[in-house]
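Written below as structure tokens is the structure these notes are about.
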There are 4 protein chains.
Amino acid sequence: MALAGKTKKDVLLEFRTTEILEAARTVFAERGFNGATIDAIAVEAGVAKGTVYLYFDSKRELFLASMREGVLALHAEVAAQLRTAGSCEGKLHAFIAARFNYFSRNRAFFRIYYTEFSHLVCGAANAQPEFQDLYEEQAKLLEEVLAEGIAMGQLRPFDAPRTARIFYDLVRAALAQHILHGAGDSPDEPIRTLFEFVWKGIGAK
Amino acid sequence: MALAGKTKKDVLLEFRTTEILEAARTVFAERGFNGATIDAIAVEAGVAKGTVYLYFDSKRELFLASMREGVLALHAEVAAQLRTAGSCEGKLHAFIAARFNYFSRNRAFFRIYYTEFSHLVCGAANAQPEFQDLYEEQAKLLEEVLAEGIAMGQLRPFDAPRTARIFYDLVRAALAQHILHGAGDSPDEPIRTLFEFVWKGIGAK
Amino acid sequence: MALAGKTKKDVLLEFRTTEILEAARTVFAERGFNGATIDAIAVEAGVAKGTVYLYFDSKRELFLASMREGVLALHAEVAAQLRTAGSCEGKLHAFIAARFNYFSRNRAFFRIYYTEFSHLVCGAANAQPEFQDLYEEQAKLLEEVLAEGIAMGQLRPFDAPRTARIFYDLVRAALAQHILHGAGDSPDEPIRTLFEFVWKGIGAK
Amino acid sequence: MALAGKTKKDVLLEFRTTEILEAARTVFAERGFNGATIDAIAVEAGVAKGTVYLYFDSKRELFLASMREGVLALHAEVAAQLRTAGSCEGKLHAFIAARFNYFSRNRAFFRIYYTEFSHLVCGAANAQPEFQDLYEEQAKLLEEVLAEGIAMGQLRPFDAPRTARIFYDLVRAALAQHILHGAGDSPDEPIRTLFEFVWKGIGAK
DNA sequence: CATGAATGAGCATTCATTCAT
DNA sequence: AATGAATGAATGCTCATTCAT
């Protein structure tokens, strides 16, 4: 039983959930949080408006869930890429490349990620501890890589936690340039430029 | 008297304008564009709702004006600091320091700047050419410093335009960490860390 | 059952539509287009404000719909009465009588019809081609009757199109007197007076 | 003194009053009662908004005054023309012609006269006794002409009061056709058609 | 479970009117 | 008298949320 896992009911429930989440991601990406309506999401998902509320408590919950899903997928992909890299340098490069690649494939999602994530993180009233946690988790991942790199002498000795967060946000900012303004360019060149910037700094010698 | 320029009327007009702009900045910072209501701004400014519309044509205009004012002041301050700096290194340090200092004094404004600037720049429908221009202007300023530094051998030879934008965004990202999470800390330490990050990169040697 | 056509849903939808249209007619008649508020119409209809918007896209649409409904019913009734009349004289009498009778039963509607029809037809910006068409349709109907009467020697030879419009407007004018000022009098006497006026003119001999 | 009549003050007062009334007539004609704003009228009159309120108590008062003025001019002209006419037939023709001519010269005014007069007369809540009186006065004028014509055997014996009002409104309706739809046509042909309609009726023989 | 009709709080904006100067 | 800045009530419309079926 327990092994069988999913009953027909569970499958349907999961299916609907996925369906709605996907619709939400699409609509939120297109119109932003305020511009999106539950109606539009319901239509996109092919269900009735009321049904959305059977699966999610509120518009905000739905938004958070759709963000969470995308963020988790991103984080999983980044973590996976990180594991395949050997050196510290390789790991940092992988971190950058993985994010660029993920968002190159999920451009619509980047828009909500970038514009609305800020809201959630910044807005005193809106701050979502959950996303703070997700953020921290990734920042920690990066922090470990940096700390290890410093310990092994591959990186200059600096304040790892603080630098990790700056690094993380820098990648997000560079991504914004690439995704939102660079139309459909290949991410290779920006990745290289960014990595060099980060690795060598800009000072001569 | 007449030569003094400002009549009593002008003074009042300017006072009200400032009053409303300040209120707008506060409220927009607290609640974001959509969360802010004209009513709340009017109350904050200590005027009636209708009065706001005597000074600004619409909520959006008011928002843009409150952004514009802050951005122009920021840019003016940055440019001034840049002029006082001698070396390329000094100029880049000044760029960072000026921005950190400005936003340390205008924390509320940073919220709008950070969270809503993206909206304006990204959102196809909302894109404000004016802000794109302001951004470009600053980026150009930075670009020149970088180009000069490269030419004079003080900086590594890299793609100046692209790097200027990365640099610019990096400072914004670091500022977000400092302003939004670092509560009321002195900006000195973050400025130093950031400058080192930029100057030397993170790679050893 | 299924063959009966109307499902419970359809019935409710039609009921609500009628309910709101009726309320709209009442309120528009009492206060005119600008004086009427959606809120007042909603209250009159016994529904919430938002509900009105489920059935009609805008205040203007609701107004037009309430006009359209009444005008169509009027026109149908007039046309029906015209068909039962034999002679040209009988048809003209029927035209007058049908309109008097219809509006005697729909006094509230006459108010909108009379006061706002002008707006719609006159106001360049507001002009509703649809109503112009409805007007023309009825005028044509009358025109045919007149042309036929002239051809058969039952009417004096005059410019039928122009006279049809004068005739039409005359009836409207006489109706205004009757409906708006004659309180609840029987329409019989006005009908007779009007018909004689039309038929014989006022000149002696 | 009393003969001197107007002091400088009175002249200015009258001048301003006229100026504002003229502006009001223009703006009300262009945009209707609701569409017109006191601001627009003040601008048109070349005075400040507050000044309008020194001369008129409210928007409605101003509207009524601007109507009154036009209506009085119309009535004066009609009465004058009536006096020059000899026969009953001539007087009725003069009544029609005078109104057509007046409004041919004051087309803008006809719009408010026609559309807004209806409001005032019909609207239970808005009914302006004053205009009812003006209306009655003119109707009485017409009634006397008709009564006299009947008494002298120049007109068929009919209900003079009722017919006077129908006649009056018919002319208004025909005017609407001419002024609002007939662009700038000469009023001669419509006057003739209308008069014949009224005089002979439409019945043959 | 699913539906979608109904709700009603919320909000930007307008503009007649007032009143201090 | 004249001004015009300030007011704030009023209103069309939206949309997240509920709930009877």
Side-chain angles (χ1 to χ4, degrees), chain A residues 9 12-13 16 33-43 45-63, chain B residues 7-9 12-13 15-16 20 34-43 45-62, chain C residues 8-9 12-13 15-16 20 33-43 45-62, chain D residues 9 12-13 16 33-43 45-63:
Chain A
K9 205 171 101 179
L12 187 60
L13 194 123
R16 280 263 198 271
F33 182 77
N34 284 286
T37 64
I38 293 290
D39 229 344
I41 293 169
V43 167
V47 299
K49 207 183 342 183
T51 306
V52 173
Y53 282 88
L54 290 178
Y55 291 85
F56 299 93
D57 284 344
S58 68
K59 186 185 180 182
R60 177 147 291 267
E61 275 307 319
L62 175 53
F63 175 71
Chain B
T7 63
K8 218 177 289 177
K9 203 176 94 180
L12 188 60
L13 195 121
F15 173 69
R16 278 269 194 268
I20 293 171
N34 285 289
T37 66
I38 292 290
D39 232 343
I41 293 169
V43 167
V47 298
K49 202 180 349 183
T51 304
V52 174
Y53 283 90
L54 288 180
Y55 293 84
F56 300 92
D57 284 343
S58 67
K59 187 184 178 182
R60 168 134 248 121
E61 274 306 319
L62 175 55
Chain C
K8 219 176 293 178
K9 202 177 95 180
L12 187 61
L13 194 123
F15 174 69
R16 278 270 195 267
I20 293 172
F33 181 78
N34 285 288
T37 66
I38 292 290
D39 234 342
I41 293 170
V43 167
V47 299
K49 203 183 345 183
T51 305
V52 174
Y53 284 89
L54 287 181
Y55 291 85
F56 300 93
D57 284 344
S58 67
K59 187 184 179 183
R60 169 136 247 120
E61 274 306 320
L62 176 55
Chain D
K9 204 172 102 180
L12 187 61
L13 193 122
R16 278 264 198 272
F33 182 77
N34 284 286
T37 65
I38 293 290
D39 228 346
I41 293 170
V43 167
V47 299
K49 206 179 350 179
T51 306
V52 174
Y53 282 89
L54 290 179
Y55 291 85
F56 299 93
D57 284 345
S58 69
K59 186 186 181 183
R60 177 146 289 266
E61 275 306 319
L62 175 55
F63 174 72

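So that the names make sense, note that chain A is the first sequence line, chain B the second, and so on, each numbered from 1.
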Just the rounded figure in Å: distance from C1' of E/dG8 to CG of C/Leu54. 12 Å
OP1 or OP2 of F/dA2 under 4.0 Å from side-chain N/O of D/Arg16: yes
Separation of E/dC11 atom P from B/Arg60 atom CZ, nearest Å, is 17 Å
Might you point out which heavy atoms bring B/Phe56 and B/Ile20 nearest each other, and give the distance in Å? CE1-CG2, 3.7 Å
Heavy atoms of D/Tyr55 and D/Leu13 approach each other most closely as CE2-O, 3.6 Å
B/Leu12 CG - E/dT21 P separation (whole Å): 10 Å
How far apart are the closest heavy atoms of C/Lys59 and C/Asn34, and which atoms are they? NZ-O, 3.8 Å
Sequence neighbours left out, what passes salt bridge (charged side-chain N to carboxylate O under 4.0 Å, His left out) with D/Lys49? Give chain and number order. D/Asp39
Which nucleotides of DNA chain E pair, in dot-bracket form (Watson-Crick or G-U under 3.5 Å, | meaning another strand): .||||||||||||||||||||
Distances under 3.5 Å between protein N/O atoms and the N/O atoms of nucleotides 14-16 of chain E, please, pair by pair.
from, atom 1, to, atom 2, distance (Å)
E/dA16, OP1, D/Ala36, O, 3.3
E/dA16, OP1, D/Lys59, NZ, 2.9
E/dA16, OP2, D/Ile38, N, 2.9

To the closest 0.5 Å, what do you measure between OG1 (A/Thr51) and CG (A/Leu54)? 5.5 Å
Nearest whole angstrom, please: distance from the C1' of F/dT17 to the OH of A/Tyr55. 18 Å
Write down the distance between CG (A/Leu62) and C1' (F/dC15), rounded to a whole number of angstrom. 15 Å
From CZ of B/Phe56 across to P of F/dA5 the rounded distance in Å is 15 Å
If you take all heavy atoms of A/Arg60 and A/Phe33, which pair is closest and at what distance? NH2-CE2, 3.8 Å
Whole angstroms only, please: what is the CD1-P distance between C/Ile20 and E/dA5? 12 Å
